[in-house]
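For reference, the structure is listed below as structure tokens.
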Amino acid sequence: SDIQDSEAYAVLINQIAPDDQKSNLNSVSNVLSKSSLHSRAESVLENADVLNAKEFVTPEDIVNKVQKLNFAFVANLFNLHPALLKPEPQEDETTEEVEEEEDDTIAETREEKTFKNWMNSMGVNPYVRWLMDDLRDGLIIFQLFDIIKPGIVDYKRVNTKFGKIMQQARFFKTENCNYAIELGKSLGFSLVGIGGENIYNGDRLGTLSLTWQLMRAYT
């Protein structure tokens, strides 16, 4: 019932919306004045559309409390509009250094942030900080497969120790990634031209293709 009546969403979206877009939103009181839950949900999604964050749910999904889709909707809202204040430089930090840090953050696309936030919301370990780097050994990908379809991963085939020799570590991590691609194909993922090497090497297109299909399979 926390989301079914749309009140929480109406308040949330009005709070995180940029100041220059608030005037384009249906007010909280306007949303709550609607006579039906479906009409309220429609008004909420009109507001989400103003913020370019309407993906994943329909009014019916909100009213029927479809957990996975609503979870993805919220993750996307916070990814696009985290409502965080711009950090002030510390005593030993210049404005230029803060701007450089912001540039590093901007370098990560919204798509990457959405996938990363979704993975972390699933409770994967370790915490995903950089999508392309943190998936290279395959271990987080296996956790996600096991969440999507419990028991699908044969952990006897999973390498968890990689050794200290670079060539050896590369071999074991790539072997994991090859197995991850195999699992994806067994679930009907479209992974033409994508192999374990692509994931291990942090190839952006290959990694995003796999992670998008993982998220879609979950929702």
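We number each residue from 1, following the sequence as shown. Small disclaimer: the values here were computed from a predicted structure and weren't measured.
- We find the SG-CG distance between Cys177 and Leu135 to be 8.5 Å, quoted to the nearest 0.5 Å.
- No more than 12 heavy-atom neighbours from other residues, nucleotides or ligands sit within 6.0 angstrom of CD on Gln67.
- The backbone N or O of Val66 lies less than 3.5 Å from no partner atom in the side chain of Asn64, so there is not a single donor-acceptor pair.
- Side-chain contact check for Ile152 versus Leu187: some heavy-atom pair is nearer than 4.5 Å.
- Side-chain polar atoms of Ser209 and Gln213 form a donor-acceptor pair below 3.5 angstrom.
- With rounding to the nearest 0.5 angstrom, the NZ atom of Lys116 is 8.5 Å from the CG atom of Leu131.
- Atom NZ of Lys22 sits in a crowded spot, with more than 12 heavy atoms from other residues, nucleotides or ligands closer than 6.0 Å.
- Classification of Glu60 and Lys65 as a salt-bridged pair fails, no side-chain N sitting under 4.0 Å from a carboxylate O.
- In terms of modelled atom types and a separation under 3.5 Å, the side chain of Tyr218 and the main chain of Leu144 share no donor-acceptor contact.
- Under the 30°/60° scheme for interplanar angles, the aromatic rings of Phe142 and Tyr155 are found to stand perpendicular.
- Not a single donor-acceptor pair under 3.5 Å links the side chain of Arg40 to the backbone N or O of Ser6.
- Residues Arg170 and Glu197 have side chains in contact (heavy-atom distance under 4.5 Å, counting atoms from C-beta outward).
- Rounding to the nearest 0.5 angstrom, the gap separating the NZ atom in Lys113 from the CG atom in Asn120 is 13.5 Å.
- For the atom pair CD1 of Ile13 and OG of Ser43, the computed distance is 10.5 Å after rounding to the nearest 0.5 Å.
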### Task
Test Thr160 against Val158 for side-chain contact (heavy atoms from CB on, under 4.5 Å), laying out the working first.
CA-CA 6 Å; Thr160 57; Val158 175; 4.2 Å; yes
### Message
Determine whether Met119 and Met215 satisfy the following criterion, side-chain contact (heavy atoms from CB on, under 4.5 Å), listing intermediate values before the conclusion.
### Response
CA-CA 8 Å; Met119 290 177 186; Met215 185 172 176; over 6 Å; no
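- For the side chain to side chain contact (heavy atoms under 4.5 Å, CB included) test with Asn24, the passing option among Val50, Leu51, Asp49 is Val50; the others fail.
- The main-chain N or O of Trp130 is found under 3.5 Å from a side-chain atom of Asp134 such that the two form a donor-acceptor pair.
- If you chain together hydrophobic residues whose side chains sit under 4.5 Å apart, Val63 and Val44 never meet in one group.
- Shown here for Ala8 and Asp5, the closest heavy-atom pair between the two residues is N-OD1, 4.5 Å.
- In this structure, Lys161 is not positioned above the aromatic face of Phe172 in the sense of NZ or CZ being under 6.0 Å from the six-membered ring centre and within 45° of the axis.
- Taking the six-membered ring for Trp and the full ring otherwise, Tyr9 and Phe73 have centroids separated by under 6.0 Å.
- No side-chain heavy atom of Leu210 sits less than 4.5 Å from a side-chain heavy atom of Asn198.
- Between Glu111 and Arg204, the closest side-chain pair of non-hydrogen atoms falls below 4.5 Å.
- Taking a 6.0 Å sphere around CZ of Phe162, one finds it holds more than 12 heavy atoms contributed by other residues, nucleotides or ligands.
- Rounded to the nearest 0.5 angstrom, Ile140 CD1 and Met122 CE are separated by 13.5 Å.
- Hydrophobic clustering (side-chain heavy atoms under 4.5 Å, transitive across Ile, Leu, Val, Met, Phe, Trp, Tyr) keeps Phe171 apart from Tyr200.
- Without hydrogens or angle criteria, Asn176 side chain to Leu139 main chain gives no donor-acceptor distance under 3.5 Å.
- Side-chain N or O atoms of Gln143 include one that pairs as donor or acceptor with a backbone N or O of Asn125 at under 3.5 Å.
- Connection of Tyr127 to Ile141 is not established within any shared hydrophobic cluster, with ILVMFWY side chains joined at heavy-atom distances below 4.5 Å, either directly or through further cluster members.
- With salt bridges taken as basic N to acidic carboxylate O contacts below 4.0 Å, none links Arg157 and Glu175.
- Side chains of Leu208 and Met132 form a contact here, defined as non-hydrogen atoms less than 4.5 Å apart.
- Nearest heavy atoms, Gly163 versus Ala169: O-CB, 4.1 Å.
- Leu37 and Val57 fall into different hydrophobic clusters, where Ile, Leu, Val, Met, Phe, Trp and Tyr are joined by side-chain heavy atoms under 4.5 Å apart, directly or via other members.
- The CG atom of Asp154 lies 9.5 Å from the CD atom of Glu182; values are rounded to the nearest 0.5 Å.
- Side chains of Thr58 and Asp61: a donor-acceptor N/O pair is present below 3.5 angstrom, by distance only.
- In this structure, Lys173 and Asn159 have side chains that are not in contact, with every pair of non-hydrogen atoms separated by 4.5 Å or more.
- With no hydrogens or angles considered, a side-chain donor-acceptor pair links Glu46 and Asn26 at under 3.5 Å.
- In this structure the side chain of Arg216 never reaches within 4.5 angstrom of the side chain of Phe56, judged on heavy atoms.
- Proximity of a side-chain donor or acceptor of Asn201 to a complementary backbone N or O of Asp203 within less than 3.5 Å is not detected.
- When every heavy atom of Ala217 is checked against every heavy atom of Ile148, the shortest pair comes out as CB-CG2, 4.0 Å.
- The minimum heavy-atom distance linking Leu77 with Ala53 is given by the pair CD2-CB, 3.7 Å.
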### Task
Decide yes or no on side-chain contact (heavy atoms from CB on, under 4.5 Å) for Val128 and Asn117, but give the supporting numbers first.
CA-CA 8 Å; Val128 180; Asn117 291 342; over 6 Å; no
### Message
Set out, in order, the CA-CA distance, both residues' side-chain angles and the distance that settles side-chain contact (heavy atoms from CB on, under 4.5 Å) for Leu45 and Ile62, then state yes or no.
### Response
CA-CA 10 Å; Leu45 292 183; Ile62 294 175; 4.1 Å; yes
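- Side chains of Leu214 and Trp118 form a contact here, defined as non-hydrogen atoms less than 4.5 Å apart.
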